[in-house]
Number of protein chains: 2
Amino acid sequence: MESKCENCIVRQFNSLRALSKEELKKVSDSKISKKIKKGDSLFVEGQKLDGVYCVRDGVSKLSKLSSNGKEQIVKLTNKGEVMGQRSVVAEDFTNLSATAINDMEVCFIPKEIISNTLNTNPNFSLEVLRHMAHDLKEADDVIVNMSQKTVKQRLAEAFVYLKKNYGEDEDGFLVLTLSRDDYANIVGAATESLIRMISEFKKKGLIKTSGKKIGVVEEQTLQEMADGF
Amino acid sequence: MESKCENCIVRQFNSLRALSKEELKKVSDSKISKKIKKGDSLFVEGQKLDGVYCVRDGVSKLSKLSSNGKEQIVKLTNKGEVMGQRSVVAEDFTNLSATAINDMEVCFIPKEIISNTLNTNPNFSLEVLRHMAHDLKEADDVIVNMSQKTVKQRLAEAFVYLKKNYGEDEDGFLVLTLSRDDYANIVGAATESLIRMISEFKKKGLIKTSGKKIGVVEEQTLQEMADGF
DNA sequence: GAAAAAACATGATAATTATCAGTTTTTACA
DNA sequence: TGTAAAAACTGATAATTATCATGTTTTTTC
């Protein structure tokens with residue numbers, strides 16, 4: 001038997017904290033723990049989801065293919081986040097694919113439980129609503145960044161964001177290690193352009209690299225760069 | 001006395017249709033009808049909203065200033081849409097400004113009524129949730145378009161979108177007339193670049209113009225263009 | 001109805017970013 | 001542990017888009 005939701009810390013960070021004890025028990029009894037290996041996908045764009053995924057550990061990218069076949073990463077998940085909520089709530093196909101960036105531990109929660117609870121527990125609905133409102137605001141910000149900032153600014157912002165959200169190790173390298181390709185797909189640029197820019201940042205001493213690993217050296221300068229100064 | 005929400009057609013299109021008769025009456029009694037002149041703003045980014053706006057007539061742009069001072073239009077509202085929901089739900093400042101593109105008629109509904117109903121009527125919460133889920137999906141699409149498509153593709157898409165959503169008059173011109181500046185702020189390009197592209201489209205016979213008015217001539221071709229063919 | 005302001009338009013040029021064609025380095029694994 | 005595949009990188013060049021400068025048309029205002 002796996003650990004219970006009642007004792008799960010990550011629940012604090014997501015909408016499941018609005019559940020009553022009984023509701024939580026139901027969730028706990030029907031959830032399925034899964035381990036996802038780095039690079040494997042949790043679900044794919046256009047798929048019908050049978051439930052949501054609660055992230056216990058690891059990071060995944062939520063991405064979407066554009067008509068030209070390039071991947072665009074729309075969001076990186078944080079620990080405790082629930083994925084697939086939008087799709088389950090709207091009873092819709094997923095508009096995004098979720099792929100593990102490093103090894104993950106997730107809990108799958110069947111959609112019936114989610115929709116039942118949505119119908120009966122207004123607090124839970126509100127909590128989900130608030131999370132979605134937050135996501136929507138962030139999406140708006142991304143839209144503005146994508147259309148008004150240069151690749152250089154977006155990359156600078158990405159580094160600051162990654163440091164803030166996922167931290168750095170004792171040597172000052174970002175904990176979350178992304179491929180150059182992933183960086184390109186976050187920032188929305190050609191991989192070659194992005195690699196060049198990383199070299200440039202390194203030359204200027206704004207970042208340091210060691211293989212795939214990247215460390216933020218001049219956070220302040222990067223932030224100013226992102227803000228257009 | 002103004003007309004009642006109970007008889008208002010636009011309610012069909014938004015989350016207010018989930019209200020009970022009594023709830024609807026409360027909304028009706030406390031709502032304030034407003035007329036907004038073309039160019040005037042309903043609310044401004046960073047403001048605390050005291051309620052939501054239900055659009056009875058007219059169109060508004062929801063936009064955000066980027067750090068370089070340029071405006072980015074994130075969304076155009078449709079008739080019946082409720083604006084400011086995100087902000088009221090999250091008890092947050094607005095992240096967007098709303099400006100009337102043509103003369104508008106809107107109803108202001110105080111936030112207390114909205115939040116009370118959210119707390120007591122799970123159907124309403126769910127309905128709002130579904131709308132927000134829809135907005136979020138659309139925002140994801142915009143992100144992908146912004147980062148993966150060229151200005152030309154985005155403009156082509158905008159024309160098709162405007163025709164589909166707001167229709168055309170008897171002479172085949174788009175009902176919704178936008179300034180070149182607005183077009184630039186929708187597709188995320190410099191105004192000069194955008195004007196050039198409009199000239200190009202016109203020269204190719206894809207659109208026709210008459211002053212500010214623009215008509216879609218070759219919808220099929222524009223759509224293919226937007227899809228990258 | 002004229003003056004002023006705003007919006008529209010075009011040319012020349014510069015900056016940004018993508019693409020293509022490779023080479024080198026790293027990683028995976030038989 | 002050697003080798004094939006994948007990822008990272010570099011250079012040359014082309015395409016896209018922004019910027020600046022300036023002229024024209026349309027709209028607004030008094």
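Letters A, B, ... mirror the listed sequences (proteins, then strands); counts begin at 1.
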Subject >> Protein-nucleotide distance (B/Lys213, atom NZ; D/dT26, atom P), rounded to Å >> reply: 14 Å
**OP:** Quickly work out the B/Phe201 CZ to C/dA9 C1' distance and round it to whole Å.
**Re:** 17 Å
**OP:** Please determine if a side-chain N or O atom of B/Lys212 lies less than 4.0 Å away from the OP1 or OP2 oxygen of C/dC8.
**Re:** yes
Subject >> Which residues share a side-chain hydrogen bond (donor to acceptor under 3.5 Å, both in side chains) with B/Tyr161, sequence neighbours left out >> reply: none
Subject >> Whole angstrom value for the distance that separates C1' of C/dC8 from CD1 of B/Ile214 >> reply: 11 Å
Subject >> Whole angstrom value for the distance that separates C1' of D/dA8 from CD1 of A/Ile195 >> reply: 5 Å
**OP:** Using whole Å, report how far CD of A/Glu71 lies from P of D/dA7.
**Re:** 12 Å
Subject >> Whole-Å distance separating the CG atom of B/Asn185 from the C1' atom of C/dC8 >> reply: 15 Å
Subject >> Between D/dC9 (P) and A/Glu200 (CD): distance, integer Å >> reply: 14 Å
**OP:** Take the protein atom CZ of A/Arg180 and the nucleotide atom P of C/dT26, then report the distance between them rounded to whole Å.
**Re:** 11 Å
Original post:
Sequence neighbours excluded, which residues qualify as ring pair (Phe, Tyr, Trp, His ring centres under 6.0 Å) partners of B/Phe159?
Top reply: B/Tyr183
**OP:** Would you mind building the protein contact string for nucleotides 15-24 of chain D? One character per nucleotide, 5' to 3', B for base within reach (heavy atoms under 4.0 Å), S for sugar-phosphate only, - for untouched.
**Re:** --SBBB----
**OP:** Could you tell me which residues satisfy ring pair (Phe, Tyr, Trp, His ring centres under 6.0 Å) with B/Phe108, sequence neighbours excluded, listed by chain and number?
**Re:** B/Tyr53
Only pairs under 3.5 Å count here: list side-chain donor-acceptor contacts from residues 209-220 of chain B, not counting sequence neighbours, and write none if there are none.
from     : atom 1 : to       : atom 2 : distance (Å)
B/Thr209 : OG1    : B/Lys202 : NZ     : 2.9
B/Glu219 : OE1    : B/Lys163 : NZ     : 2.7
B/Gln220 : NE2    : B/Glu224 : OE2    : 3.2

Subject >> With sequence neighbours excluded, residues passing side-chain contact (heavy atoms from CB on, under 4.5 Å) with A/Glu45 >> reply: A/Lys64, A/Leu65, A/Ser97
Original post:
Could you go step by step and tell me if B/Asp140 and A/Arg86 meet the salt bridge (charged side-chain N to carboxylate O under 4.0 Å, His left out) rule?
Top reply: CA-CA 12 Å; B/Asp140 287 340; A/Arg86 198 210 63 78; 5.4 Å; no
